[in-house]
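Let me begin by handing over the structure; questions about it come next.
All values derive from a computational prediction rather than experimental measurement. Whatever order the structure lists ligands and atoms in, that order sets their numbers, starting from 1.
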Amino acid sequence: MSSVQIKIENLRKELNQHNHNYYVLDHPTISDYAFDMKLTELQKLEDENPQYFDVNSPTQRVGGEITKNFENVAHKNRMYSLANSYSKDDLLDWEKRLLKIIGVAQLEFTCELKYDGASINLTYENSKLKTAVTRGDGFIGDNVTPNIKTIKSIPLQIQEEFLKNFEIRGEIILPFKGFNKMNEERIANGEEPYRNPRNTASGSLKLQDSREVAKRPLDCLLYHIVTDEATYKTHFEILENARNVGFKVPKEIKLCKTIDEVFEFVNYWDKKRQELPYETDGVVVKVNSLHYQNEIGFTSKSPRWAIAYKFKAEQVTTTLNSISYQVGRTGAITPVANLEPVELAGTIVKRASLHNADQIEKLDIRVNDIVFVEKGGEIIPKIVGVDLEKRPFDSVAVQYATACPDCSIKLERKEGDAKHYCPNEYGCKTQIVGRIQHFISRKAMNIDGIGAETVELLFDAGLITNYADLYDLEIEQIIPLERMAQKSAENIINGIEASKQVPFSKVLFALGIRFCGETVSKKLAKHFKTIDSLMLADFETLKNVDEIGEKIAESIIAFFAVELNVEIVNRLKNKQLQFQLHEEDTTISNKLEGLLFVVSGVFSKFSRNELKKAIEENGGKNSGSLSKKTNYLIAGDAMGPAKKIKAEKLNIQIISEDKFIEMIG
Ligand code: AMP
Ligand code: ZN
């Protein structure tokens with residue numbers, strides 16, 4: 001092997017290990033920045049030495065491949081469904097049948113959670129990931145390998161002793177945290193939030209651009225292996241070993257010696273599943289011995305040796321008192337069900353989202369109906385049906401709103417849009433106030449002293465009708481307002497003044513251009529450098545910017561085509577807001593990005609506060625107490641022994657002040 005090849009191989013190995021630490025073990029040992037540097041180095045070496053190209057290199061995970069039509073692939077081994085059960089008696093009956101087939105008095109089972117996502121079949125040949133195929137109809141699925149490779153918890157290559165050739169099956173999921181973050185971004189961009197993690201995960205697999213997939217926080221939980229190699233004797237053993245060589249097999253699996261232990265598992269998770277970071281809808285019970293599994297076999301649809309136990313979705317009935325309509329900052333109308341308050345899964349539910357007109361029509365929901373309300377994976381409870389027998393005889397179908405609930409202008413619905421919109425962008429109070437509220441918000445201009453209510457107060461007093469007006473406010477105008485005093489008015493004025501230092505990318509985000517969220521705004525700021533060149537850019541120029549699509553390009557053009565917007569931007573420019581990119585930033589480096597520190601004890605070179613500041617300036621975060629998420633404990637003199645013990649127990653690296661200085665260089 002040449003020295004370059006060795007270097008490439010070593011970098012690949014190292015990066016694979018870091019991906020595993022981060023995405024499977026949830027315990028990174030280097031910063032995102034350091035990881036990126038290594039990845040860039042590898043990419044460079046691979047570019048310079050194309051003879052060492054490997055489809056399974058960690059550089060292949062960023063995506064890039066576009067698939068217009070997914071290839072249909074026949075599964076070598078059929079992907080079956082699961083039989084369902086809903087009660088302990090169902091499970092007992094199932095056990096009885098199996099004992100009879102095998103002719104034994106007792107069987108061992110493996111219990112797993114039933115992960116709610118989209119199933120996937122990964123084929124490994126010679127320990128390398130070869131293909132990833134969706135379940136499809138069980139016989140034929142879609143080849144989605146380029147998209148799956150971007151999911152970093154899936155090993156592309158297995159280094160350790162395991163099976164050589166096998167299929168491993170799992171569920172592609174979107175954990176709640178990532179799902180909520182995606183939705184927050186969508187809402188901030190003026191886009192419709194996704195309904196639930198499962199559909200979003202399964203939709204992600206079929207995106208044509210694998211770079212888009214790479215951006216989604218997808219994960220893959222594994223639960224089944226098919227192989228001709230006779231290395232392992234039981235299902236539990238095979239899963240434990242799969243986990244040990246790098247697959248994400250959840251820890252929440254249990255080997256049960258008796259059916260009573262299975263019941264315990266079911267009871268436990270029926271309550272505890274609320275605390276899991278991802279959606280589940282039941283438990284899957286499987287005969288543990290692979291030999292017995294073979295003897296028991298399959299029905300035409302599902303294995304006889306496995307059964308799903310479905311948790312009851314928590315559901316209640318209540319009366320739908322009325323439907324109201326809400327306008328968002330972008331003018332989108334959302335119908336909301338006002339319910340007779342009812343307890344559901346530990347909280348009192350008074351409202352449920354109805355999504356849009358089609359949804360109301362589809363379920364034929366009417367005012368005064370008794371409706372079924374469920375809390376499933378969705379964050380907001382939803383109405384899943386109507387008790388038609390209890391429908392009042394004089395009930396009438398819902399007439400969907402035709403006018404904006406706020407400004408009374410006639411609503412519009414564009415071809416292909418699920419939602420109705422209020423077109424009165426510059427006359428509808430909710431939209432005007434919403435835009436200003438977005439402007440002052442933490443991730444945008446972050447104006448201290450003004451909250452959402454203050455914006456409304458200022459608007460109602462006729463002092464502001466757009467965000468440029470904020471910069472003309474005078475303290476004497478604010479003091480007389482309700483609940484205002486000299487001090488709070490000063491805070492407002494000072495906050496507004498301070499916002500003039502907010503960097504260009506945030507100012508751009510604050511403008512509230514549809515589809516221009518935080519990330520897009522950063523991209524635009526970096527590319528165009530000044531607002532003037534952004535305003536001059538035509539559709540083609542915009543579209544050619546990396547990661548800017550047609551939708552965003554159109555929206556930018558539309559924004560600056562409105563004279564009022566241009567006028568507002570010009571006023572802001574005159575007020576000296578930052579409308580060009582400044583390279584220098586308060587952050588010194590990104591070396592510690594993604595790392596969480598706890599600082600404890602007394603130090604010789606830094607004060608504790610200086611240490612904390614240095615952590616932040618280099619992109620890291622501080623926390624007051626140790627937890628599973630902590631990466632490093634910086635220990636000074638006189639640190640308490642309890643802290644040390646706790647850190648060791650949690651497997652947190654303890655480092656000295658000098659080591660830290662080394663880290664930030
Ligand atoms: P169903 O779609 O209701 O027939 O359920 C079968 C599906 O459950 C399988 O295709 C898998 O995608 C999924 N599933 C989720 N978790 C598990 C698990 N632990 N074991 C087996 N299948 C599972
Ligand atoms: Zn309106």
With backbone taken as N, CA, C and O and side chain as the heavy atoms from C-beta onward, which portion of Glu171 lies under 4.0 Å from ligand 1: side chain, backbone, both, or neither?
->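 Side chain only.
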Does a salt bridge link Glu125 with Lys164, judged by any charged N lying under 4.0 Å from a carboxylate O?
->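 Lys164 and Glu125: not salt-bridged.
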Answer side chain, backbone, both or neither: which part of Leu221 comes under 4.0 Å from ligand 1, heavy atoms only.
->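 No part of Leu221 is near ligand 1 at this cut-off.
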Under 6.0 Å between ring centres, would you say that holds for Trp269 and Tyr309?
->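 No - the distance between ring centres of Trp269 and Tyr309 does not fall below the 6.0 Å cut-off.
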In this structure, which one of Ile238, Ile154, Leu129, Leu222 forms a side chain to side chain contact (heavy atoms under 4.5 Å, CB included) with Ile168?
->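 Only match with Ile168 under side chain to side chain contact (heavy atoms under 4.5 Å, CB included): Leu222.
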Is the ring centre of His420 less than 6.0 Å from the ring centre of Tyr400?
->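 Centroid separation for His420 and Tyr400: below 6.0 Å.
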Using heavy atoms and a threshold below 4.0 Å, how should the contact between Tyr223 and ligand 1 be classified: side chain, backbone, both, or neither?
->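 Side chain only; the backbone of Tyr223 stays clear of ligand 1.
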Please state which protein non-hydrogen atom is closest to atom 16 (N) of ligand 1 and give its distance, to 0.1 Å?
->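 The closest heavy atom on the protein side is Tyr115 N, 3.1 Å.
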What do we get for Val284 next to ligand 1 when only non-hydrogen atoms under 4.0 Å count, side chain, backbone, both or neither?
->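 Under 4.0 Å from ligand 1, Val284 contributes side-chain atoms alone.
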Location of contacts on Arg135 toward ligand 1, heavy atoms closer than 4.0 Å =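 Looking at Arg135 and ligand 1, just side chain atoms fall under 4.0 Å.
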Given atoms SG of Cys428 and SG of Cys422, what angle do they subtend at the Zn ion (ligand 2), to the nearest 10 degrees?
->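 Here the angle at the metal atom is close to 110°, to 10°.
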Contacting atoms of ligand 1, where contact means under 4.0 angstrom from a heavy atom of Glu112 =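 The list of qualifying atoms is 18 (C), 19 (N), 20 (N).
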Report yes if the distance between the aromatic ring centroids of Phe247 and Tyr124 is under 6.0 Å, otherwise no.
->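 Centroid separation for Phe247 and Tyr124: below 6.0 Å.
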Backbone, side chain, both or neither: what part of Lys286 comes under 4.0 angstrom of ligand 1, heavy atoms only?
->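 The side chain, only.
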